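Worksheet: the structure to be examined is printed underneath.
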There are 2 protein chains.
Amino acid sequence: MVEETVSAALTLKDIAREAGVSLATVDRVLHHRPGVRPDTVRRVQEIIARNAFQPHVAAAELARGRARRFAFVMPTGANPFMQQIEAYLREMSGWLAARRLSVELVNTDVFDPAVLAASLEALSGNYDGIAVVALDHPGVRAAINDLVDAGTKVVTLVSDVPSSRRHHYVGIDNIAAGRTAGALVGRLVGQKSGKIGIIAGSQGLRDHAERIFGFNQVMASEFSHLDVLPLLEGRDDDDRSEQLISRLLGKHPDIIGLYNVGAGTQGVAKALTEAGREKQVVFIAHDLTAMTRRLLLQGALDAAISQNPGHEARAAVRVLLSLARNEPILSEQENIRIDILMRDNLP
Amino acid sequence: MVEETVSAALTLKDIAREAGVSLATVDRVLHHRPGVRPDTVRRVQEIIARNAFQPHVAAAELARGRARRFAFVMPTGANPFMQQIEAYLREMSGWLAARRLSVELVNTDVFDPAVLAASLEALSGNYDGIAVVALDHPGVRAAINDLVDAGTKVVTLVSDVPSSRRHHYVGIDNIAAGRTAGALVGRLVGQKSGKIGIIAGSQGLRDHAERIFGFNQVMASEFSHLDVLPLLEGRDDDDRSEQLISRLLGKHPDIIGLYNVGAGTQGVAKALTEAGREKQVVFIAHDLTAMTRRLLLQGALDAAISQNPGHEARAAVRVLLSLARNEPILSEQENIRIDILMRDNLP
DNA sequence: GGTGTTTTGAGGTACGCAACTCATTTTGAG
DNA sequence: CTCAAAATGAGTTGCGTACCTCAAAACACC
């Protein structure tokens with residue numbers, strides 16, 4: 001009925017005694033320091049393993065006494081999603097301070113590869129770990145690899161550079177996110193046939209391009225009766241998006257679905273409501289903001305596909321910390337989910 | 001460009017020096033020990049606040065030197081969702097051991113209020129904290145309150161007893177989950193009219209009852225053209241559920257939607273496919289298991305509404321730990337989301 | 001057997017805080 | 001002013017680990 005899950009409470013001293021060696025030797029084995037005969041190493045490791053010995057993290061942390069410094073390289077500008085991540089990082093300040101960790105925000109133009117690469121180079125050597133919202137570009141890739149070579153732990157955030165040697169990616173699979181958007185549009189329009197509009201910030205952004213790819217994949221293979229209109233580029237701007245969508249709605253009275261890949265959702269929604277067609281058109285967008293929340297509650301937006309910014313902020317910090325300490329990463333915990341948010345499951 | 005987020009590294013000694021008092025007095029203030037004049041308390045607290053001083057958790061943990069014992073009271077039986085929570089708890093064993101925490105699993109018949117209450121009483125005094133999948137019943141409520149009065153921290157898990165004085169609830173809002181299910185059924189059936197079947201484990205279970213309530217709420221207010229059939233009780237059993245649904249499908253050829261509130265999804269799916277109607281009927285169920293994953297990929301299940309068992313396991317442990325240490329709880333982190341899982345956003 | 005090298009032991013210090021004791025100073029009431 | 005009570009200072013100990021030094025022991029090689 002009661003299942004014990006080990007209470008251990010062994011210390012290094014116990015291990016030393018059981019192995020018949022001194023504390024120093026156990027320490028050498030534990031930290032892979034030289035000067036121990038191979039079979040002694042084996043014997044000690046075996047005892048450590050048999051007893052499932054785990055160093056007391058608090059004691060280790062205290063003894064190590066090192067304050068870790070991390071930097072988060074985030075885009076300048078008013079992207080609400082990024083601002084939410086930054087806000088959660090600030091909210092963590094107490095948690096961080098209590099662990100003698102510091103996180104510094106570095107805002108830069110992540111869309112200019114040269115600027116981003118230069119920003120990364122400038123950080124080299126000053127931090128134990130760096131999280132970066134990265135553009136996938138050869139210059140950026142090289143900058144990341146340089147950091148890694150210099151011993152800095154690097155995590156890509158939200159947007160990945162898979163070809164680099166970054167240690168980890170914290171973010172969603174954007175192709176899957178696009179597929180999810182496609183499936184939602186296709187399913188929610190019901191039995192109707194008609195046209196589907198799609199607007200993105202820019203096709204040059206890797207995450208947008210991937211979402212578009214996933215979206216088109218699903219539309220082509222499963223909803224081929226729906227006619228996906230050519231992509232519009234709203235540059236993540238409300239006004240521009242509104243204009244483009246207004247024109248689109250005017251030109252195509254038979255639009256039954258809209259997918260906004262990036263920001264500018266407020267503009268799209270405004271165009272929809274001003275045309276008086278928010279009830280007839282299925283509208284799917286990304287990210288949970290005050291705006292998209294309101295639109296969901298009003299019914300103007302049918303679903304928001306989102307990644308939890310708080311989770312991403314915490315996961316990035318935890319991953320950097322685990323990497324810095326050479327501890328294993330709990331992948332299940334750090335895996336970011338693609339959330340489908342509708343009116344009734346808003347957090 | 002670079003925004004510093006405090007690196008502090010202050011210690012108690014620094015606070016004492018700045019306040020012009022001794023370490024002992026700072027310690028008294030920090031731990032609300034008696035014997036300090038009110039205005040001295042105020043002065044010290046002000047200095048602590050001004051410097052945003054945070055005791056080094058590792059040092060505090062080490063000095064306190066207490067191993068915390070927690071118990072998780074979980075249902076006996078083969079409920080896959082509960083088994084996943086237990087699996088994640090076991091997976092955390094390394095993490096727990098490194099922090100000198102122990103988590104013991106106690107399996108009991110949580111559906112029998114007397115048995116559950118007795119199990120809880122039996123644990124009294126032996127644990128710093130208890131997480132319990134609780135039945136909402138006066139006897140259970142009393143047992144929880146007794147534990148709380150005895151100084152044990154109590155967290156309800158998955159199923160709440162809001163009328164008790166439990167310290168925290170880790171789980172989803174089941175009314176909202178039911179509403180979400182209703183909205184999904186209503187939206188996914190499209191323009192069609194017809195009947196909607198609904199099957200639950202038992203109306204006596206609070207979480208099931210709440211989901212049913214939320215579901216009916218949405219169906220009545222927004223999809224009144226759909227005819228919700230009387231509730232079936234499948235007792236979370238595959239075979240029984242299959243029989244009931246088979247009979248239902250036979251009796252109503254115009255069923256266009258099905259909602260399974262509890263377990264037994266495999267049985268429902270089997271009935272659907274054997275009737276050859278899995279493509280015509282919108283089917284919504286709960287929880288992500290190997291089974292529901294397969295059904296989603298096959299298209300037999302249209303969406304699974306789930307709560308992340310790994311997140312719940314970790315959140316419960318973290319909340320218990322924070323409560324035991326009298327630390328604040330990061331509500332945003334511990335808040336469990338209602339996940340909508342479809343084929344393309346499966347984790 | 002002697003030499004030099006490698007391996008091991010013994011021990012210390014420091015990390016920052018909790019928790020405690022006991023002596024001393026300050027305060028307030030009478 | 002006196003005296004007890006309250007407030008405060010000064011100090012100690014221990015938590016478990018990391019990291020370091022130095023000496024002693026074991027070993028390998030010729």
Side-chain angles (χ1 to χ4, degrees), chain A residues 7-45 47-48 51-68 96-101 128 324-327, chain B residues 7-45 47-48 51-68 96-101 128 324-327:
Chain A
S7 57
L10 284 184
T11 71
L12 279 182
K13 221 183 293 183
D14 301 316
I15 299 296
R17 192 175 338 107
E18 189 168 339
V21 298
S22 72
L23 258 178
T25 299
V26 177
D27 180 69
R28 289 179 184 116
V29 171
L30 208 57
H31 299 95
H32 309 101
R33 288 190 241 274
V36 186
R37 232 177 314 151
D39 60 312
T40 308
V41 172
R42 233 171 294 124
R43 187 156 46 95
V44 173
Q45 278 178 338
I47 298 213
I48 288 176
N51 294 65
F53 170 76
Q54 297 267 103
H56 191 318
V57 282
E61 195 64 8
L62 186 59
R64 200 174 287 119
R66 276 195 26 221
R68 310 276 184 181
L96 292 166
R99 285 155 185 79
R100 299 304 183 262
L101 302 175
D128 298 290
R325 291 182 181 164
N326 292 315
E327 287 173 357
Chain B
S7 55
L10 285 183
T11 72
L12 278 182
K13 218 183 293 182
D14 301 316
I15 299 296
R17 190 172 341 107
E18 188 168 339
V21 298
S22 71
L23 260 178
T25 300
V26 177
D27 180 70
R28 289 179 184 113
V29 171
L30 210 55
H31 300 94
H32 309 101
R33 290 188 240 274
V36 185
R37 233 179 314 152
D39 59 315
T40 308
V41 172
R42 231 172 296 123
R43 188 156 45 93
V44 173
Q45 279 177 337
I47 298 214
I48 288 177
N51 294 66
F53 169 76
Q54 297 266 103
H56 191 318
V57 282
E61 195 63 11
L62 186 60
R64 202 175 285 117
R66 276 191 33 217
R68 311 275 183 182
L96 293 165
R99 285 158 186 77
R100 300 302 183 264
L101 302 174
D128 298 291
R325 290 181 183 165
N326 292 314
E327 285 173 358

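Values reported hereafter were calculated over all heavy atoms of this structure, with side chains retained and with hydrogens, waters and symmetry mates removed. To find a chain, count down the sequence lines: A is the first, B the second, and so on, and within it residues start at 1. Keep in mind it's a predicted model, so treat the numbers as computed, not measured.
Going from atom CG of A/Leu101 over to atom C1' of C/dG16 covers 15 Å, rounded to whole Å. Between the P atom of C/dG16 and the NE2 atom of B/His56 lies a distance of 7 Å, rounded to the nearest Å. C/dG16 atom P lies 13 Å from atom CD1 of B/Ile15, rounded to whole Å. A/Lys13 has its NZ atom 10 Å from the P atom of D/dG14, to the nearest Å. Residue A/Arg99 contributes atom CZ, which lies 14 Å from atom P of C/dC17 at whole-angstrom precision. The nearest whole Å value for the distance from the CD atom in B/Gln54 to the P atom in C/dC17 is 11 Å. B/Arg42 places its CZ atom 12 Å from the P atom of D/dT8, with the value rounded to the nearest Å. If you take CG of B/Leu10 and C1' of C/dC17, they are 14 Å apart, rounded to a whole angstrom.
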B/S/- along nucleotides 18-29 of chain C (protein heavy atoms under 4.0 Å) is SB-B--------
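OP1 or OP2 of D/dT8 has not a single side-chain nitrogen or oxygen of B/Arg43 nearer than 4.0 Å. Contact between the side-chain N/O atoms of A/Arg100 and the OP1/OP2 oxygens of C/dC17 is found at a separation under 4.0 Å. Between D/dT8 and B/Thr40, a contact under 4.0 Å exists linking OP1 or OP2 to a side-chain N or O. Between A/Thr25 and C/dG9 there is a side-chain N or O to OP1 or OP2 distance below 4.0 Å.
Here C/dG30 sits opposite D/dC1 as a Watson-Crick or G-U wobble pair (both hydrogen-bonding atom distances under 3.5 Å).
With sequence neighbours left out, A/Ala24 forms a side-chain contact (heavy atoms from CB on, under 4.5 Å) with A/Ser22, A/Arg28. Applying the side-chain contact (heavy atoms from CB on, under 4.5 Å) criterion to B/His31, with sequence neighbours excluded, gives B/Asp27, B/Arg33.
Nucleic acid contact class of A/Gly65 (heavy atoms, under 4.0 Å, all strands): none.
Listed nucleotides D/dT8, D/dC15, D/dT17 differ in distance to A/Thr11; the shortest reach to its side chain belongs to D/dT17.
Between A/Arg17 and A/Asp14 there is a salt bridge, since at least one side-chain N of the basic residue sits less than 4.0 Å from a carboxylate O of the acidic one.
Going from atom OG1 of A/Thr25 over to atom CG of A/Leu12 covers 12.0 Å, rounded to the nearest 0.5 Å.
Nearest heavy atom pair, residue B/Asp128 against residue B/Ala67, reads OD2-O, 3.9 Å.
When each of B/Arg66, B/His56, B/Arg99, B/Arg325 is tested with B/Glu61 by the rule side-chain hydrogen bond (donor to acceptor under 3.5 Å, both in side chains), just one qualifies, namely B/Arg325.
Side-chain contact between A/Leu10 and A/Glu18 is absent, with no heavy-atom pair separated by less than 4.5 Å.
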